[in-house]
Novice: 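Please read through the structure below; I'll follow up with questions.
Numbers restart at 1 for each chain; the letters A, B, ... are given by sequence-line order, proteins then strands.
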There are 2 protein chains.
Amino acid sequence: MQMMFEYFSSFGDLSPSNMEFLLSHIQQGKLNKGEKLIRANQTVGSCYFFEEGFLHYYTHNDFGNRITLKVISPNYCWTIMESFVNQSPTLDECIALTDVRYCELKRADYMAIKSKSIELSNFIQNITEQILSAKLLEAKKKSSTTVEERYMDLLHTHPELVQEVPVHVIASWIGTSRETLHRIRRRLSVA
Amino acid sequence: MQMMFEYFSSFGDLSPSNMEFLLSHIQQGKLNKGEKLIRANQTVGSCYFFEEGFLHYYTHNDFGNRITLKVISPNYCWTIMESFVNQSPTLDECIALTDVRYCELKRADYMAIKSKSIELSNFIQNITEQILSAKLLEAKKKSSTTVEERYMDLLHTHPELVQEVPVHVIASWIGTSRETLHRIRRRLSVA
DNA sequence: CTGTTACTGTGTCATCTGACACAGTTTTTT
DNA sequence: AAAAAACTGTGTCAGATGACACAGTAACAG
């Protein structure tokens, strides 16, 4: 869990005793390729930090088609916020696309950490604010770029993801069909 | 600022003394139609709660075209998170589409509130978590609906907005052109 | 009140998109 | 090892999209 320690450290300083307290509540887990982390109708009881591997987080539209909401890469903190915060069941699912190693913080522990001291509470608040800010930037980027720009950006920032994740999953995530994405890939490989 | 009090109260209980402390830092403001709340290259120093009127929050894409990021309605808490949290200048802008009444919480006061007590710190954290959750649901909805479905949803949930906001602003927000949105409106009015 | 600017709505056209079908390859299951 | 399932990539086609141009109306500025 060295990666998780470094992830937390990037949000600012925390006294060693509080960092120790925080890390002491983390549990490590593994998933095999094809295993589900979250199944439909489940209430999400943890937040997760992924150290290795890729996951596919998806929902279904009114026609039952699978829509990719996120392809999760290593070094990423994630949960289904609605279900985690409000303790309501989710219809979304999350499945391992490769073997995965992760750290898990259960909701009861998360609440205990927030209530331990104002330093820890504000530290968690800083993390939440940064995550919210990142989500808004992601949404802004999606609104102001074309599908081709989004794919090219992925090629530059996540080349391993593009290698390991099926084209139809990536296509859905960036907002197009697998046919159109194949045409984009052909166009980019000719240039 | 009764609307703001009710907005805060919807996030759970807060002791009267802490609610009083929170509300005592709120300043009220007004904008006339056409006035900018946020200009390009400004560092955002407050978060805002809008009680009346509509605003247009937009950025520009690489071609200089204006892209709507949000049409802001009454009863909505908003800031440009990246600029507010990291104190970096933003290139985005926010302009009043109608006359606007709002409440403002300056960043220094926000920090003071978070540091006053663990109850207030956790209360602010609850609000941030709910806002993050709502943003993720909004993004999920955008990914799994068509432009027409999004417009129909707006007709049902925000009929005044559809009346008062220019069609090209709404079109950009829901991810289409004003020509396509006019065709959708024609199709919906014939049915 | 008049002129200017912004907005609304429509038609035309070239281009793009996605559904469908298909063939081939790779991965998984038996 | 063989069969089945999943994935990759391409071609065809109908329909949708957005840019552009245009005419008319509403709102705003002088």
Novice: Evaluate the side chain to side chain contact (heavy atoms under 4.5 Å, CB included) criterion for residues B:E51 and B:N75: first the C-alpha distance (whole Å), next the side-chain angles of each, then the deciding distance (0.1 Å), finally the verdict.
Specialist: CA-CA 5 Å; B:E51 297 197 311; B:N75 206 32; over 6 Å; no

Novice: Is the positively charged end of B:K33 above the ring of B:F54, judged by distance under 6.0 angstrom from the centroid and angle within 45° of the axis?
Specialist: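 Not flagged: B:K33 not positioned over aromatic ring of B:F54.
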
Novice: Of B:K33 and B:T180, whose closest DNA chain D nucleotide lies nearer the 5' terminus?
Specialist: B:T180

Novice: Protein-nucleotides 23-26 of chain C N/O pairs closer than 3.5 Å?
Specialist:
none

Novice: So what does B:R185 hit on the nucleic acid, given a heavy-atom distance under 4.0 Å: a base, only sugar-phosphate, or nothing?
Specialist: sugar-phosphate

Novice: For the pair A:E93 and A:R66, find out whether any cationic side-chain nitrogen is under 4.0 Å from an anionic carboxylate oxygen.
Specialist: no

Novice: Whole-Å distance between C:dG11 P and B:R178 CZ?
Specialist: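 It works out to 13 Å between those atoms.
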
Novice: We want to know whether A:Q28 and A:Y102 form a side-chain donor-acceptor pair, criterion being a heavy-atom distance below 3.5 angstrom.
Specialist: no

Novice: Kindly indicate whether the side chain of A:R183 and the base of C:dG18 share any N or O donor-acceptor pair separated by less than 3.5 Å?
Specialist: yes

Novice: Check whether the side chains of A:Q87 and A:T43 place a donor and an acceptor atom closer than 3.5 Å, and report yes or no.
Specialist: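 A:Q87 vs A:T43: no donor-acceptor pair found between side chains.
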
Novice: In terms of the nearest nucleotide of DNA chain D, which residue is placed more toward the 5' end: A:H168 or B:E179?
Specialist: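 Closest to the 5' end, via its nearest nucleotide, is A:H168.
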
Novice: Atom NE2 of A:H182 and atom P of C:dA21: how far apart are they, to the nearest Å?
Specialist: 18 Å

Novice: Does a side chain donor of either A:Q125 or B:T128 reach within less than 3.5 Å of an acceptor in the other side chain?
Specialist: yes

